[in-house]
Amino acid sequence: MTNCTNELSTTYNAREIEKDTYKFWEDNNLFKADAKSNKEAYSIVIPPPNVTGVLHMGHALDGTLQDILIRYNRMKQKEVLWMPGCDHAGIATQNVIEKNLAKEGLTRHDLGREKFLAKTWQWADEHKNRILEQFKLLGASFDLSRKRFTLDEGCSNAVKKVFVDLYNKGLIYKGSYIVNWCPRCQSAISDIETNYETEDGHLWEISYALKDEMGAIVIATTRPETMFGDVAIAVNPSDFKYKDLIGKTCVMPLTGRQIPIIADEYVDKSFGTGALKITPAHDPNDFEVGLRHNLPQIKVIDEKGLMMRNEYVPPQIQGLTREEARKKTVKMLEENQVLVRVTKHVHNVGKCQRCNTTIEPLLSKQWFVKMAPLAQPAIEAVKTGKIKFIPERWEKNYLMWMENIRDWCISRQLWWGHQIPAYYHKETGEMIVAAENPDPNNYIQDTDVLDTWFSSGLWPFETMGWPDTNSDDYKKFYPTSTLVTGFDIIFFWVARMITMGLEFTKQPPFSTVYIHGLIRDEHGQKMSKSKGNTIDPVDLIEKYGCDALRFTLTSLCTYGGQDIKISDEKFEFGRNFANKVWNASRFTLMNVTKPKEELKIDFNTLTIADKWILNELNKTAKEVNENIQNYRIGEIASILYEFFWSKYCDWYVELSKIEKNEAVLVYVLDNFLRLLHPIMPHITEAIWQKMPIEKDTKGILNAKYPEYNEKFVFEEDAKKMETVFEAIKALRNIRAEFNIPTSSKIDIIIDNNEELYKQIIPYLNRLAKVNSTKFEKNCNHPKSAYCVVDDTKITIPLEDLIDLNQEIARQKKKIEKLEAELKSIEGRLNNQKFVSSAPKEVVEKTIARKDELKSEIKIIEDTIQKLA
RNA sequence: GGGCGUUUAGCUCAGUUGGUAGAGCGCUUCCCUUACAAGGAAGAUGUCGGGAGUUCGAGCCUCUCAACGCCCACCA
């Protein structure tokens, strides 16, 4: 690193450190993956952010979690690859460009396809670096030399190959079906791009007269304007009300067109009037009914959502919007006295996920992927555990969707995207599906492009060089290890990657899917620009620092993957911790004066305090490794926080002011920094660079990750040290209770465990402000306060300072607490069933606790008597 | 209609195989003790949503009720 003094600056300036540190990693190429390495591989592909996007809190969380896994495995000495890149985001990007054009009063059609695409490419090129640059602010250790884009040449080749192969296998087909059509986007969208919203609507009951006889049949509809496309009236075959009408013909109001009355099981007898008008061109269920009964399909609404100008639509209605047409149609029905009844009706209306326009189910010629055969292996892979979801409950969600999968409409009537590799003969119309145009003079390419998710579904292998399965990256890093993402794109993306990965590489694209929650605002609302409740991670980084942001976000992750509610102030948690790490490290480094050659731990001279902290560190290393391997990533933040703040800073550093072991101080700090590095990469790197230790790597980022080591197990000494802490805390408590000022010291008399307490007299002197320590069995000093720590009584003669009644009351309160516990414990032990059926250790532990309580109570009682 | 999640201290939330509850923030009292006031010390606070059951023992397992949230389905 550049500024190499031996000390840390007195104030912790997060941003300064973070910028320098990231530059150090980048300048030294430390994120670059080596496909030729012999080390075990660990790889993650980034969920490619939209090329048009800016960094939001969801990226911050997702990116942090991926970076933690990457950094952890890098330190585990694996060859890691974090593959970065962007998604071309078909509709989203095209919408942005079209909006910009609209400001100039232009549409894409004014420009034409070629110019429009050139403009979009220019815009994408300008913006595609922005979001990845912002990921750098997060400390992302991805390999930018491998950066990819879903519309780059490699991806394009992969997409063509996949399309052609699927077509040749009969898994891609083109056909006229009902699709979700967005009249604003002017494109088909898939089922999962359609969201349903409940709306207050009406149910109109309309009378259709029978032909050549008296009588009529009344149907119920929520969309009267579609009636011009009716081709039948359907009733349930078992509905006796209509039994006699089946097979008859009726005459449509307003147009006089004649349509048959048919019977179909699909009709619900109890809904509306039990009779249903069938409009195959504008309703998915009617479409199915129409196919079953061989009915014609009459289109009356066009791609812009306007009533068509054709023989079926009355002239007054033609060209109207759906809403206008509805009003007008209802009015005309009223005038013709065929509107029987209107009732209020709440129903769900499909909306375009991108622009919230009401979608129109429309008969349209589109390309589809036949999903059922592809889904089967994808179901198996999860059921057999080849792919594991964390948390597990998402498996059920995934399987349910997969088992009820429907064909995927992949064509979009957009310009920005992978153009479908199908070519039509200019004269004959003959279609050829191939990677390249067979004859550009005579064939023109299909004008539609593919759903964005078609190319992102290939992401884990198209970025690794596929279809070249001999490429170094593919051989080394595919299949990838872990996929990290939010639950909102399991169907859109995860499911598609699994199906495509299995079909084309015969392997699951990753072995673990780690699903985290979504970021929400402090009230639990989804963050959105329109609500104005977004928090910008870049602002948080500027204000609190990247490491603070990462630490806070990590600490808020739960194993169950709950959504995370955040507010600006929550990040003070991480900032405070970073500050603590900085300052304690600064103190440690200031107090280490020996050269690094002399900083080897000598196991023969360790004090119980040294052994205690080494034992704690060792336990921490064990727990951190276990938790990270089990994706309990939030847990490691608390474990490290607790260790560093409550153990190292509160006790060990304080003790070291009295008596220090420089080797242990440095050893513990070094290992702690390594343990913390995946979460807080910059601060740990910056401090580590100044550590007086032997380093065999350029940075902490590829130093060895600490692990549990038998050599550092000192349970017994650690327990003794805990006893000492109890004593110090008890003495401090007495000082506080009796308002003994910091300036006045106390004398103490200890009646037991002389050997232990003798060792720690300097600790007592400093941390509890003790003046003198005497050892005396059966000590009975009048006018004293006292405390009991395990089997040891400590007496503090206070003379005038003490109010005996206060002390007695204090002790009585303690006894009350102890006796309550004793009572419950004795109750348990007197229960024969407990003693016989509880595990032996539990019973033994309970008995031990009983003895402990009894002896403590006895000591206190005895003393009270003598005080009184 | 089907599925999932949540309900624990004033607030935000942890709580891994069942052994009578924890953190951060906030609150009270004291302290600028030469790493840190973004700090230190000492404290107070909970019949773990209601009910029932299994068990020697339930925040944790089973059933049930309630409230809130989400996903899927989309009966015109």
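What you see is a predicted model, and the numbers here were worked out from it, not measured in a lab. Numbers restart at 1 for each chain; the letters A, B, ... are given by sequence-line order, proteins then strands.
- For the pair A/Lys657 and A/Phe587, the cation sits on the ring face: its NZ or CZ lies under 6.0 Å from the ring centre, inside 45° of the axis.
- With hydrogens and angles disregarded, no donor-acceptor distance shorter than 3.5 Å links the side chain of A/Lys814 to the backbone of A/Ala809.
- With sequence neighbours excluded, no residue satisfies salt bridge (Lys or Arg N to Asp or Glu O under 4.0 Å) with A/Arg575.
- Of the possible donor and acceptor atoms, one in the side chain of A/Asp286 sits under 3.5 Å from a partner among the backbone N and O of A/Thr279.
- Residues that satisfy the side chain to side chain donor-acceptor pair (under 3.5 Å) test with A/Ser238, not counting sequence neighbours, are A/Asn236, A/Lys269.
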Polar atoms only, N or O, under 3.5 Å: list the protein pairs with nucleotides 42-47 of chain B and their distances.
| residue | atom | partner | partner atom | Å |
| --- | --- | --- | --- | --- |
| B/rA42 | O3' | A/Asn733 | ND2 | 3.1 |
| B/rG43 | OP1 | A/Asn733 | ND2 | 2.4 |

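- Between A/Asn576 and B/rG24 there is no side-chain polar atom (N or O) within less than 4.0 angstrom of OP1 or OP2.
- The nearest whole Å value for the distance from the CD atom in A/Glu635 to the P atom in B/rG24 is 14 Å.
- Side-chain contact of A/Thr620 with A/Lys622: a donor-acceptor pair under 3.5 Å is absent, judged by distance alone.
- The two residues A/Thr221 and A/Ile206 make their nearest non-hydrogen contact at CG2-CD1, 3.8 Å.
- Ring pair A/Phe271/A/His345 is perpendicular by interplanar angle, where above 60° counts as perpendicular and below 30° as parallel.
- For A/Glu193 (side chain) and A/Ser190 (main-chain N/O), a donor-acceptor pair under 3.5 Å exists by modelled atom type.
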Dot-bracket for RNA chain B, 5' to 3', with Watson-Crick and G-U pairs under 3.5 Å, [ ] for crossing pairs and | for other-strand pairs: what is it? (((((((..((((.....[..)))).(((((.......))))).....(((((..]....))))))))))))....
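- Whole-Å rounding puts the A/Ile566 CD1 to B/rC25 C1' distance at 16 Å.
- Going from atom CD1 of A/Ile740 over to atom C1' of B/rA41 covers 14 Å, rounded to whole Å.
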Would you tabulate the nitrogen or oxygen pairs shorter than 3.5 Å linking the protein to nucleotides 9-12 of chain B?
| residue | atom | partner | partner atom | Å |
| --- | --- | --- | --- | --- |
| B/rU12 | O2' | A/Lys570 | NZ | 2.3 |

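- Across all strands shown, A/Tyr641 has heavy atoms under 4.0 Å from sugar-phosphate atoms exclusively, and none from any base.
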Any protein N or O atoms within reach of nucleotides 52-61 of chain B? Criterion: under 3.5 Å, listing atom names and distances.
| residue | atom | partner | partner atom | Å |
| --- | --- | --- | --- | --- |
| B/rC56 | O2' | A/Asn831 | ND2 | 2.9 |

Please report, to 0.1 Å, the donor-acceptor pairs under 3.5 Å made by any side chain of residues 544-552 of chain A, with sequence neighbours excluded.
| residue | atom | partner | partner atom | Å |
| --- | --- | --- | --- | --- |
| A/Tyr544 | OH | A/Asp568 | O | 3.4 |
| A/Tyr544 | OH | A/Asp568 | OD1 | 2.4 |
| A/Asp547 | OD1 | A/His682 | N | 3.4 |
| A/Asp547 | OD1 | A/His682 | ND1 | 2.8 |
| A/Asp547 | OD2 | A/His682 | N | 3.3 |
| A/Asp547 | OD2 | A/Ile683 | N | 2.7 |
| A/Arg550 | NE | A/Ile679 | O | 2.9 |
| A/Arg550 | NH1 | A/Asp67 | OD2 | 2.7 |
| A/Arg550 | NH1 | A/Leu138 | O | 2.7 |
| A/Arg550 | NH2 | A/Asp67 | OD2 | 3.0 |
| A/Arg550 | NH2 | A/Pro678 | O | 2.7 |
| A/Thr552 | OG1 | A/Ala548 | O | 2.8 |
| A/Thr552 | OG1 | A/Gly574 | N | 3.1 |

Identify the pairs formed between an N or O of the protein and an N or O of nucleotides 27-37 of chain B at a distance under 3.5 Å, and give each distance.
| residue | atom | partner | partner atom | Å |
| --- | --- | --- | --- | --- |
| B/rA35 | O3' | A/Arg586 | NH2 | 3.4 |
| B/rA35 | O2' | A/Asn583 | OD1 | 2.9 |
| B/rA35 | O2' | A/Arg586 | NH2 | 2.8 |
| B/rA35 | N7 | A/Lys657 | NZ | 3.3 |
| B/rA35 | N6 | A/Glu654 | OE2 | 3.0 |
| B/rA35 | N3 | A/Asn583 | O | 3.4 |
| B/rA35 | N3 | A/Ala584 | N | 3.3 |
| B/rC36 | O4' | A/Asn583 | OD1 | 3.3 |
| B/rC36 | O4' | A/Asn583 | ND2 | 3.4 |
| B/rC36 | O2' | A/Asn579 | ND2 | 3.0 |
| B/rC36 | O2 | A/Lys580 | NZ | 2.9 |
| B/rC36 | N3 | A/Lys580 | NZ | 2.9 |

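- Ring planes of A/Phe491 and A/Trp401: parallel class, angle under 30° (limits at 30 and 60°).
- Rounded to whole Å, atom C1' of B/rC70 lies 12 Å from atom CD1 of A/Ile490.
- If you take CD on A/Glu626 and CD1 on A/Ile628, they are separated by 12.5 Å, rounding to the nearest 0.5 Å.
- The stretch residues 553-564 of chain A participates, sequence neighbours left out, in these side chain to side chain donor-acceptor pair (under 3.5 Å) pairs: A/Arg520-A/Asp563.
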Considering only nitrogen or oxygen atoms on both sides, find all protein atoms under 3.5 Å from nucleotides 1-6 of chain B and state each distance.
| residue | atom | partner | partner atom | Å |
| --- | --- | --- | --- | --- |
| B/rG3 | O3' | A/Lys396 | NZ | 3.4 |
| B/rC4 | OP1 | A/Lys396 | NZ | 2.9 |
| B/rG5 | O3' | A/Gln562 | NE2 | 3.4 |
| B/rG5 | O2' | A/Gln562 | OE1 | 3.3 |
| B/rU6 | OP1 | A/Gln562 | NE2 | 3.4 |

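- A/Arg326 forms no cation-pi arrangement with A/Trp204, by the criterion of a distance under 6.0 Å to the ring centre and an angle within 45° of the ring axis.
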Scan nucleotides 72-76 of chain B against the protein and return all N/O pairs shorter than 3.5 Å with their distances rounded to 0.1 Å.
| residue | atom | partner | partner atom | Å |
| --- | --- | --- | --- | --- |
| B/rC74 | OP1 | A/Arg406 | NH1 | 3.1 |
| B/rC74 | OP1 | A/Arg406 | NH2 | 3.2 |
| B/rC74 | O2 | A/Asn348 | ND2 | 3.0 |
| B/rC74 | N3 | A/Asn348 | ND2 | 2.6 |
| B/rC75 | OP1 | A/Asn285 | OD1 | 3.3 |
| B/rC75 | OP1 | A/Asn285 | ND2 | 2.0 |
| B/rC75 | OP2 | A/Asn285 | ND2 | 2.3 |
| B/rC75 | O2 | A/Asp268 | OD2 | 3.0 |
| B/rC75 | N3 | A/Asp268 | OD2 | 3.0 |
| B/rA76 | OP2 | A/His345 | NE2 | 3.2 |
| B/rA76 | O3' | A/Thr222 | OG1 | 2.6 |
| B/rA76 | N6 | A/Asp268 | O | 2.8 |
| B/rA76 | N6 | A/Phe271 | O | 2.8 |
| B/rA76 | N1 | A/Asp268 | N | 3.3 |

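- The pair A/Arg292-A/Asp264 meets the salt-bridge criterion, since a charged nitrogen lies less than 4.0 angstrom from a carboxylate oxygen.
- The side chain to side chain donor-acceptor pair (under 3.5 Å) search around A/Asn180 returns A/Asp191, A/Thr194, not counting sequence neighbours.
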